[in-house]
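Read through the structure below, which is laid out as structure tokens, and then see the notes.
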Amino acid sequence: MMEPNGGSSSVGAADGASHHAAGRKRHSKRPKYQFLECLDDGIGVTESNLGFTLFKNWLRSVGVKDTYLKSYSKETEWYEENSRFTQQELPACKPILTPGWVISTFIFVGIIFVPIGLASLFASERVVEIVHRYDTDCVPASHRDNMLAYIQSTETNKTCTRTFFVSPVPCSTDVSKQMKSPVYIYYQLDNFYQNHRRYVKSRSDKQLQSRASENDTSNCDPEDVTANNSAIVPCGLIAWSLFNDTYGFSVNNTKLGVSKKNIAWKSDQEHKFGPDVYPKNFQRGGLIGGAKLNSTIPLNQQVDLIVWMRTAALPTFRKLYGKIEADLEANTELTVVIENNYNTYSFKGKKKLVLSTTSWIGGKNDFLGIAYITVGGLSLFLAISFILIYIIKPRPLGDPSFLSWNRNPAGHFN
């Protein structure tokens with residue numbers, strides 16, 4: 001039967017079917033339930049937020065089946081996967097780096113960094129520092145062929161006297177500038193790997209904090225217990241290898257006191273080392289590793305131990321020994337009496353005594369100032385280079401309207 005427009009019914013049906021099929025294809029990724037779609041577009045209901053949960057509960061209360069809700073839940077995943085956030089279409093600042101902006105930025109960095117570098121370098125130059133290596137010089141000439149036997153012997157004299165004075169005598173140092181108090185005393189060790197994994201783990205923090213955990217020595221092997229199975233406090237290789245060289249200072253035959261006040265971190269004294277923990281069975285084995293501790297003083301007052309227990313990250317490090325609370329005038333004869341007890345000869349290590357003042361940037365450190373000056377100078381050089389290039393051979397700037405985000409500003413609010 002012909003249709004009034006001259007076409008057959010079968011052709012019209014086919015066109016209608018194809019039209020409906022195309023419509024279904026276009027909307028295949030859209031929600032099937034129009035009332036849910038409207039709510040989704042209106043209030044931003046998604047499965048991941050509270051609104052959708054309350055909405056599903058309301059739908060269940062009015063008789064909507066869970067199968068429909070599950071179908072809608074799966075279809076909303078398409079929107080979540082293709083959101084503006086996941087497609088990186090959110091509004092964003094996309095600056096255009098024009099020659100003016102680039103040159104101005106380099107000039108700004110140079111103007112800021114160069115003065116900071118000069119100030120840091122000047123402050124570092126004002127620091128007076130004396131570094132003296134004594135591990136070889138403090139061994140008598142008769143024992144220098146076998147320094148390990150010398151340091152391990154209990155019969156050899158380990159006392160060594162060094163003089164810091166304006167003199168060409170070997171082992172002396174020129175105190176050419178005034179050292180204002182406090183003068184910090186450090187000992188420096190080279191080729192000592194405190195960062196070794198087994199060394200770092202060989203301690204018991206619980207034991208150090210509380211007397212109740214005295215027997216917690218599981219990580220301290222081989223310095224965990226004595227021969228009669230009694231706990232060692234503090235246990236572990238770090239405490240066992242405590243530095244035990246000592247220094248005494250005098251100026252013109254007048255003895256200088258060495259203050260130990262505030263050489264350890266306050267947080268370590270208050271939180272990591274307990275006031276009720278006392279040394280027990282420490283350095284009583286057959287092999288003595290380092291210094292001994294006073295068993296009548298709690299660990300939170302054993303500042304030399306606390307400083308040593310904060311392990312260093314590099315094989316060459318300095319640790320604070322004490323402070324001299326007096327000014328050392330220029331050209332002063334400073335005498336140091338060293339007890340050379342610590343064994344660094346078995347691993348070819350070095351020992352140095354360091355006296356230093358400080359500035360607002362800390363100790364002597366030329367690297368920080370040089371780094372700032374280098375970066376600032378390089379920035380100024382690049383700025384000048386870009387200015388010359390822009391003047392001699394200018395390059396016209398393109399039209400920003402042809403940029404992709406300007407031609408198709410997806411993600412930008414109208």
Side-chain angles (χ1 to χ4, degrees), residues 121-144 147 150-151 156-190 192 242-264 290-291 303-304 307-308 316-345 349-366:
L121 199 59
F122 179 73
S124 178
E125 290 298 323
R126 294 185 61 185
V127 173
V128 183
E129 183 178 90
I130 300 173
V131 181
H132 174 65
R133 180 182 174 183
Y134 64 90
D135 57 283
T136 301
D137 296 332
C138 283
V139 175
S142 58
H143 292 86
R144 290 184 183 177
M147 291 186 288
Y150 163 81
I151 202 69
T156 54
N157 183 14
K158 306 296 195 307
T159 303
C160 171
T161 302
R162 305 258 67 84
T163 300
F164 298 164
F165 188 62
V166 182
S167 170
V169 179
C171 302
S172 67
T173 303
D174 181 4
V175 185
S176 58
K177 297 180 181 179
Q178 182 190 36
M179 302 183 73
K180 295 184 178 181
S181 65
V183 178
Y184 292 92
I185 308 166
Y186 300 91
Y187 55 88
Q188 177 176 319
L189 297 180
D190 295 358
F192 191 110
L242 176 61
F243 187 78
N244 62 342
D245 283 5
T246 60
Y247 311 110
F249 299 87
S250 61
V251 174
N252 299 328
N253 298 323
T254 302
K255 187 175 181 180
L256 295 176
V258 176
S259 173
K260 299 283 186 177
K261 184 179 180 181
N262 297 328
I263 67 170
V303 290
D304 289 322
V307 171
W308 179 257
T316 298
F317 58 87
R318 293 178 180 179
K319 291 186 181 292
L320 188 59
Y321 178 83
K323 296 179 290 185
I324 298 176
E325 302 286 355
D327 294 343
L328 299 180
E329 300 298 331
N331 303 326
T332 297
E333 180 179 337
L334 178 65
T335 303
V336 184
V337 179
I338 303 172
E339 288 293 333
N340 183 25
N341 299 314
Y342 200 69
N343 180 13
T344 58
Y345 307 101
K350 300 175 183 178
K351 293 188 291 187
K352 297 177 183 178
L353 171 64
V354 181
L355 301 178
S356 176
T357 59
T358 59
S359 65
W360 61 270
I361 62 169
K364 194 173 186 64
N365 182 10
D366 293 339

I need the minimum non-hydrogen distance between [X] and [Y], along with the two atoms involved.
X	Y	value
Gly322	Val258	CA-CG1, 4.0 Å
Thr161	Val337	OG1-CG2, 4.2 Å
Tyr342	Tyr345	O-CE1, 4.3 Å
Val251	Leu256	CG2-CD1, 3.4 Å
Lys319	Val307	NZ-O, 3.4 Å

Backbone N/O of [Y] and side chain of [X]: donor-acceptor pair under 3.5 Å:
X	Y	result
Thr357	Val128	yes
Asn252	Thr254	no
Lys364	Ser124	yes

Could you grab the distance from atom [atom1] of [X] to atom [atom2] of [Y], nearest 0.5 Å is fine?
X	Y	atom1	atom2	result
Tyr184	Arg318	OH	CZ	14.5 Å
Ile324	Ser259	CD1	OG	10.5 Å
Lys180	Leu328	NZ	CG	13.0 Å
Tyr247	Tyr186	OH	OH	13.5 Å
Leu189	Lys352	CG	NZ	10.5 Å
Ile263	Asp304	CD1	CG	5.0 Å

Discussion item. Does Arg126, at its CZ atom, have more than 12 non-hydrogen atoms belonging to other residues, nucleotides or ligands within less than 6.0 Å?
Written reply: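 At most 12 heavy atoms, drawn from other residues, nucleotides or ligands, come within 6.0 Å of this atom.
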
Worksheet item: Passes side-chain contact (heavy atoms from CB on, under 4.5 Å), Ile151 versus Val139? Steps please.
Response: CA-CA 9 Å; Ile151 202 69; Val139 175; over 6 Å; no

Worksheet entry | Quiz item: cation-pi between Lys158 and Tyr150, 6.0 Å / 45° |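 Yes, cation above the ring, under 6.0 Å and within 45°.
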
Discussion item. Does the Lys NZ or Arg CZ of Lys260 fall within the cation-pi geometry relative to Tyr321 - under 6.0 Å from the ring centre and within 45° of the axis?
Written reply: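 Geometry flag: set, cation within 6.0 Å and 45°.
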
Practice prompt. Run through Thr344, Asp245, Thr136 and flag the one making a side chain to side chain donor-acceptor pair (under 3.5 Å) with Lys351.
Written response: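 With Lys351 as partner, Thr344, Asp245, Thr136 yield a single side chain to side chain donor-acceptor pair (under 3.5 Å), made by Asp245.
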
Discussion item. Show, in sequence, the C-alpha distance, side-chain angles and deciding distance for Ile185 and Leu355, and conclude whether the side-chain contact (heavy atoms from CB on, under 4.5 Å) test is met.
Written reply: CA-CA 5 Å; Ile185 308 166; Leu355 301 178; 3.7 Å; yes

Worksheet item: Does one side chain, of Glu339 or Thr159, offer a donor that lies under 3.5 Å from an acceptor on the other?
Response: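 On atom types as modelled, these side chains qualify, holding a pair under 3.5 Å.
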
Discussion item. Applying side-chain contact (heavy atoms from CB on, under 4.5 Å), can you list everything that pairs with Cys160, at least two apart in sequence or on another chain?
Written reply: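 Once residues adjacent in sequence are excluded, the partners of Cys160 under the side-chain contact (heavy atoms from CB on, under 4.5 Å) criterion are Cys138, Arg162, Ile338.
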
Discussion item. Using the side-chain contact (heavy atoms from CB on, under 4.5 Å) criterion, which residues pair with Ser181? Sequence neighbours excluded.
Written reply: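 Result, side-chain contact (heavy atoms from CB on, under 4.5 Å) vs Ser181: Asp327.
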
Worksheet item: With Arg133, which of Asp135, Asp137, Val131 fulfils side chain to side chain contact (heavy atoms under 4.5 Å, CB included)?
Response: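 Answer to the side chain to side chain contact (heavy atoms under 4.5 Å, CB included) test with Arg133 among Asp135, Asp137, Val131: Asp135.
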
Item to complete: Carefully, step by step, assess His132 and Val336 under the rule side-chain contact (heavy atoms from CB on, under 4.5 Å).
Response: CA-CA 11 Å; His132 174 65; Val336 184; over 6 Å; no

